[in-house]
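Data first, discussion second: the structure below is written as structure tokens.
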Amino acid sequence: MANVNPLNEKVSMNNSMTTNPMNNMSSGSAAVAANRMHPMSNPTTGHHINPLNTQINPLNAQINPHSVVKPVSHDMIPASAVSAAHHTGPINPQTSNLAAKHPHRRGDHHMFLTSDDNAMMKHIEETHIPDGRDFDVKPLVHIIEDIVHRATPIAGHVHEAKVQAHLEALEEKAPHSGLTEILNYLAYPIHRISMELISKCANKEDAHSTTMSLLHSLTTYAWDTKVAITFAAFAQQYGEFGLLAHQYTTNPLAKSVAIIMELPEIMSRQDVLKYKFDAIHDLIDKMLDVTKCIIEFRDVQTSHSQHVITQELEMLINTAHISTAAYWTMRASVMCAAMILNLIAIGHEQISSTSEAWELSSLTHKLANILDHLRKVLNLCHQKIEEKRQHDAFEALLRLLRTPHIDNMKILSILIHSRDDQLPLFDGTHKRRVSLDVLRRKHVLLLISDLDIAPEELFVLHHMYDESKTQPNRPESNYDVVWIPVVDKRLTPWTEAKQMKFEEVQASMPWYSVAHPSMIDPAVIRCIKEVWGFKKKPQLVVLDPQGKESNNNAYHMLWIWGSLAFPFTKSRETALWKEQTWNIELLADSIDQNVFTWISEGKCICLYGGEDIEWIRSFTSATRAVANAARVPLEMLYAGKKNPKERVRKNSSIIQIENLSHVVQDQTLIWFFWERLESMWHSRTQQDIPGETDPILQEIVTILSYDGSDLGWAVFSRGLAEMTRGKGDLIVQVMKGFDRWRDEVSDVTTFVPALDRQLRDLHSPHHCTRLILPSTTGHVPERVVCAECSRPMEKFIMYRCCTD
């Protein structure tokens, strides 16, 4: 009779003759094999049946719609249910009733021939009547993994390396506690299933029927426990076989047992056996992976019960088809056990067959598809659980922020989460780790930024911080700064380069900082972004001694007034603005210490900027000539542009060489001048004063608009009351026409008012004013009025790439 492979050739549904694709032996060999007790032979026909030669998963349309596995012939699909008589162990009454309803009939297998996934899933799940017991089978799976990797009798070079890697990984793991306890409950079921495997093979049961029988025997256990018990039963048989194979050449007892099993004869064909055991090893790897995934799903449903399993998550878990994954993993255990028993039963005739290795490879592919699906669903489950956890943590944090406290320790311990009792803060002054107690009942400024905080900002903050600590007994020095680095690892993975960057920035700070960004919980990062409005630009969130938020961004206050803004509350900001007038001290504070000397000496001060060196030469020359002619003591200071790049540096160098005026020596202070001016704008727009009637805001907008243009500009002042300003072309025109208004200047006290009148007289109604603010500044008002004409300005989005 010709041998038929049911995976390649369809067999008639009415054909009563069953075929075995492994029956590739001569009649003499078949006779020898018949004398052995072939566990998978048919007693009626004498044909060897291997119904395990099935690649298709009847549920494959749901699990992996892209599978390339071919369908099997009708006669290779076994019956879906097993009668109670087939059970070797005690039968659960519910299982017995179920078996009675679905007796084993030859025609039953036809229900799976139409790829009716739901039908097969229903029959698998009908065997599942758990009694509610929950076993942690991870210690058992750990032992199974150790057994199957150590027991491999023969392996190719590639698999030897994989086995060694697995064993090294297992040795690194701490031994699982609870193994003895779990075996107290499961040792007998494992032994019973092991015996059932041997019995079913000896009674010529096909793989599906055997698997269904095992499911009936294990009806009261959870899916992960069913799989672990069946896997352990196979591992026990595989371990015994491997133990003999490893020791029969050195251990007399093992040798005697091996001779009875004809093991030496079998092991002499290592060249052929290697491929079979390589296939078994590959399949076992996938069985282990799928088993671990099933266990992880069990953990998801139990360990996260405190985060109420939502309907959405429950539906997601159902799409994993755990029952189907358990069925195919148990079926793989049956198939591997059958191969080992076949090997012992028919010896070298079985060795010469290569179809079993091919069947195992097909099932390995099947489990690989199932594993891929399980992992995808599992990742989605973890994502949902994490989202729920983060949502709950975020809501708890919001409630905590609204709740009054005795001190700030509870709030700080939530914002900066210490793990494993580690000291959560790094003291930048003494370069050591410290506890949160150093901040107890203090005003705390949380410096929030990413890792790319500008060196200029750090320089200025460093200067202000050191200045505040020179007199620690002053009330305005009673605060501390803590750097909170915002690094969302969900968006950008943590790398060695980022770790180095973090350590570099941390080392440059004299104040406290979080010991590591991982101590900032994602819920805190969400609060920082959604509640406190952090985008990109650094900000300072102020917590009072009780941990209550008193200002969600005191950055602008610190930039404008330094430590005088203490305690950095909104009310303090309002009070400071009420005391403030527009003058050169507010505009040029800290840019150059000479400014305060010139003010005290009663000199006229000219602060100017721009990038055009020819305009600078023309302006300084004309202005110097007017000051000399009017006998007005005048000091000029070049303030450059907001981003002092190479052109500004060159201009500063030329100005000094040609002795055109003073320059700001430190380029960082040029940057700070414009940053501080922007902070004034942001702070002032938060005040309850209409922009059209706010003279300070109008002056701030005017100076900022000068920087947005490519032209020069200048501000003239004397003392703290007289000020005027103008664009570069108008200023030069007025200065060159000094003869027309010479008579208006009698002394230094009349120079600035006379210049202001000239500039106003030459003012043209035609103008184009630009106010450029970076998108990372946070608050941007919907309405900004022009400083020239008081009309609302149009808002545009600008993209700029400026190379110097």
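Since the structure is predicted, the reported quantities are computational estimates derived from the model, not experimental observations.
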When you check the side-chain N and O atoms of [X] and [Y], is any donor under 3.5 Å from an acceptor?
X	Y	answer
Thr668	Glu456	no
Tyr638	Gln656	no
Glu573	Ser683	yes

How close do [X] and [Y] get, counting heavy atoms only, and between which atoms?
X	Y	answer
Arg617	Leu660	CG-CD1, 4.0 Å
Ser679	Trp559	OG-CD1, 3.4 Å
Ile584	Gly719	CG2-O, 3.6 Å
Ile591	Leu669	O-CD1, 3.7 Å
Ile416	Pro424	CG2-CB, 3.8 Å
Met735	Val626	O-CG2, 3.3 Å

Any heavy-atom pair between the side chains of [Y] and [X] that's under 4.5 Å?
X	Y	answer
Ile696	Trp577	yes
Cys606	Leu634	yes
Glu611	Lys650	no
Lys529	Val486	yes
Ile528	Val524	yes
Lys469	Asp480	yes
Ile411	Ile414	no
Val542	Glu549	no

[X] atom [atom1], neighbour heavy-atom count above 12 within 6.0 Å:
X	atom1	result
Lys501	NZ	yes
His516	NE2	yes
Lys578	NZ	no

Determine, using ring centers only, whether [Y] and [X] are less than 6.0 Å apart.
X	Y	answer
Phe672	Phe459	no
Trp561	His556	no
Phe566	His443	yes
Phe426	Tyr512	no

Could you measure the distance from the [atom1] atom of [X] to the [atom2] atom of [Y]? Nearest 0.5 Å is fine.
X	Y	atom1	atom2	result
Met509	Glu504	CE	CD	11.0 Å
Leu558	Asn553	CG	CG	10.5 Å
Lys548	Thr403	NZ	OG1	11.0 Å
Asp544	Arg441	CG	CZ	12.0 Å
His682	Glu678	NE2	CD	5.5 Å
Ile616	Ser621	CD1	OG	13.0 Å

*asked:* Assess the residue pair Lys431 and Asp427 against the criterion (side-chain contact (heavy atoms from CB on, under 4.5 Å)); give the C-alpha distance rounded to whole Å, side-chain angles, the decisive distance to 0.1 Å, and a yes or no.
replied: CA-CA 5 Å; Lys431 307 302 179 186; Asp427 184 344; over 6 Å; no
_Option passing side-chain contact (heavy atoms from CB on, under 4.5 Å) with Val482 (candidates Leu447, Leu439, Leu412, Leu415)_ =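 The single option meeting the side-chain contact (heavy atoms from CB on, under 4.5 Å) with Val482 is Leu439.
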*Reference residue Met723; test side-chain contact (heavy atoms from CB on, under 4.5 Å); the match among Leu587, Asp756, Val752, Leu607*: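 Among Leu587, Asp756, Val752, Leu607, the one meeting side-chain contact (heavy atoms from CB on, under 4.5 Å) with Met723 is Leu587.
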_Test side-chain contact (heavy atoms from CB on, under 4.5 Å) on Leu586 and Arg676; report intermediate values, then the result._
CA-CA 10 Å; Leu586 175 64; Arg676 184 170 172 274; 3.9 Å; yes
*Hey, mind stepping through Glu457 and Trp671 against side chain to side chain donor-acceptor pair (under 3.5 Å) and telling me if it holds?*
CA-CA 9 Å; Glu457 294 192 75; Trp671 170 90; over 6 Å; no
*Kindly confirm or rule out a cation-pi arrangement of Arg725 over Trp713, judged by NZ or CZ under 6.0 Å from the six-membered ring centre and within 45° of its axis?*
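No cation-pi geometry.
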Okay, side chain of [X], backbone of [Y]: is any donor-acceptor separation there less than 3.5 Å?
X	Y	result
Trp615	Gly728	yes
Ser513	Gln506	no
Arg433	Leu423	yes
Arg684	Ile700	no

*With Asp407 as reference, evaluate Gln546, Lys442, Arg440 under the side-chain hydrogen bond (donor to acceptor under 3.5 Å, both in side chains) test and give the passing residue.*
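Going through Gln546, Lys442, Arg440 one by one, the side-chain hydrogen bond (donor to acceptor under 3.5 Å, both in side chains) with Asp407 is satisfied by Arg440 alone.
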*Report the relative orientation of the aromatic rings in Trp483 and Phe502; use parallel for angles under 30°, tilted for 30 to 60°, perpendicular for over 60°.*
parallel
*Would you check, one step at a time, whether the test side-chain contact (heavy atoms from CB on, under 4.5 Å) holds for Glu386 with Arg389?*
CA-CA 5 Å; Glu386 182 62 16; Arg389 190 190 75 81; 3.2 Å; yes
*Check against side chain to side chain donor-acceptor pair (under 3.5 Å), Thr623 and Tyr608*: CA-CA 11 Å; Thr623 303; Tyr608 72 99; over 6 Å; no
*Can Lys537 and Glu675 be said to form a salt bridge (charged side-chain N to carboxylate O under 4.0 Å, His left out), step by step?*
CA-CA 11 Å; Lys537 194 174 180 64; Glu675 281 288 316; 2.7 Å; yes
*Asp450 and Lys536: CA distance, side-chain angles, deciding distance, salt bridge (charged side-chain N to carboxylate O under 4.0 Å, His left out) verdict*: CA-CA 7 Å; Asp450 56 20; Lys536 172 72 176 175; 2.6 Å; yes
*asked:* Is there a side-chain contact (heavy atoms from CB on, under 4.5 Å) between Thr724 and Ser717? Walk through the geometry before answering.
replied: CA-CA 7 Å; Thr724 189; Ser717 174; over 6 Å; no
